[in-house]
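Because the structure is predicted, anything quoted here is derived from the model rather than measured. Below, chain A is the first sequence line, B the second, and so on; all start at residue 1. The figures that follow rest on heavy atoms only: side chains count, while hydrogens, waters and symmetry mates do not.
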There are 2 protein chains.
Amino acid sequence: MISKLKKLGLKATPQRLAILKLLDGNKLHPSAEDIYKRLKPDFPSLSLATVYNTLEALAKAGELQEVRITAGKRHFDPDPSPHAHFYCRICNSIYDWRINPADIGIASRVKDYLVENYVLNLYGVCPGCLKETEGGKTINDKTLFEKE
Amino acid sequence: MISKLKKLGLKATPQRLAILKLLDGNKLHPSAEDIYKRLKPDFPSLSLATVYNTLEALAKAGELQEVRITAGKRHFDPDPSPHAHFYCRICNSIYDWRINPADIGIASRVKDYLVENYVLNLYGVCPGCLKETEGGKTINDKTLFEKE
DNA sequence: TTTTAAATTATAATTATTCTAAACAAATAA
DNA sequence: TTATTTGTTTAGAATAATTATAATTTAAAA
């Protein structure tokens, strides 16, 4: 982890190591403030600005990606590889969705545009919340793309 | 246009009609402030809050869609039908991209998730800016999904 | 060590958006 | 038509997330 920071030309400070450790393998897509609140007890001097600085440095280095799937708040995903995200409107959780870029019918439509990146956000209800609200009833494909 | 508002149970005020007229057929995806600045000369009493109120009312009624494709600002699209958006990092323009939901390989992966909506944002360089920066050189498909 | 360049911190500033409460206007009732 | 009600607009204050600032501290190089 220290060497990972060094490789990026970043100093291995305790704060950065703590942030990296918290993010490592984390599937919860925390916001900057989530991270701050979680670490503050162990690092009483920690500043929210440091959390933002570190996240921005890591994002710029391609070590993580920002997820903008909710209204006014960014979330952070330690997995920088391109994949989609699903937001459950009941429990407000964000889930990773592995979708191969090739599965999205973009390429054939590119024409004269240079597509360097894409973001695919999905919205709906996750399996756990579906079970609670509908007793586990199966949803058929026809409803899948209808707006709420 | 008046009847459109009436149908939604909204009063046909001059401000709302002006906003509707400005948006009608507009492909520029303006922000709330773009709209405000554009209409202010003709409606000196216009308030930014009214622009936001009207946009929110229209969005809730399904008459337009919000586009969240840039960092901290929302844009508005008078076309409420599901389609993707392309953001050019050179000229900062937003373009509509007609992509059929069925062309996105989501359905087959849904499993136990209920997908009610999706957002597909594309980032890169638009044809006009490509011409200026690269002399019109054609980009081959292999580069299409590489991050910058 | 000593140095120096980078990082952290507290706080102020910024930006987009939302809230508030008063003034106003449109539709309805008398 | 006038009065009343209800919804709308307005200016400005408030908010929330994020970014900038400037002084202090720290990691790593010399």
Query - Euclidean distance, atom CG of residue Leu17(A) to atom P of dT26(D) [Å, nearest integer] - result: 15 Å
Query raised in the report: Which word best sums up how the rings of Tyr113(B) and Tyr95(A) line up, parallel for under 30°, tilted for 30 to 60°, or perpendicular for over 60°?
Result: perpendicular
Requested in this report: Run the numbers on Thr54(A) and Leu10(A) for side chain to side chain contact (heavy atoms under 4.5 Å, CB included), then give the verdict.
Outcome: CA-CA 9 Å; Thr54(A) 300; Leu10(A) 298 171; over 6 Å; no
Query raised in the report: For the side chain of Glu63(A) and the backbone of Pro80(A), is there at least one donor-acceptor N/O pair under 3.5 Å apart?
Result: no
Query - Whole-Å gap separating P (dA16(C)) and CG (Leu55(B)) - result: 15 Å
Requested in this report: Applying side chain to side chain contact (heavy atoms under 4.5 Å, CB included), run through Phe76(A) and Val67(A) and close with a yes or a no.
Outcome: CA-CA 6 Å; Phe76(A) 296 88; Val67(A) 180; over 6 Å; no
Query raised in the report: When you check the gap from the basic side-chain N to the acidic O, do Asp79(B) and Arg98(B) get nearer than 4.0 Å?
Result: yes
Query raised in the report: If the sugar-phosphate is the primed atoms plus P, OP1 and OP2 and the base is the rest, what is the B/S/- string for nucleotides 4-19 of chain D, using protein heavy atoms under 4.0 Å?
Result: --BSSBBB-----SBB
Query raised in the report: Between Lys37(B) (NZ) and dT15(C) (P), how many Å, whole number?
Result: 11 Å
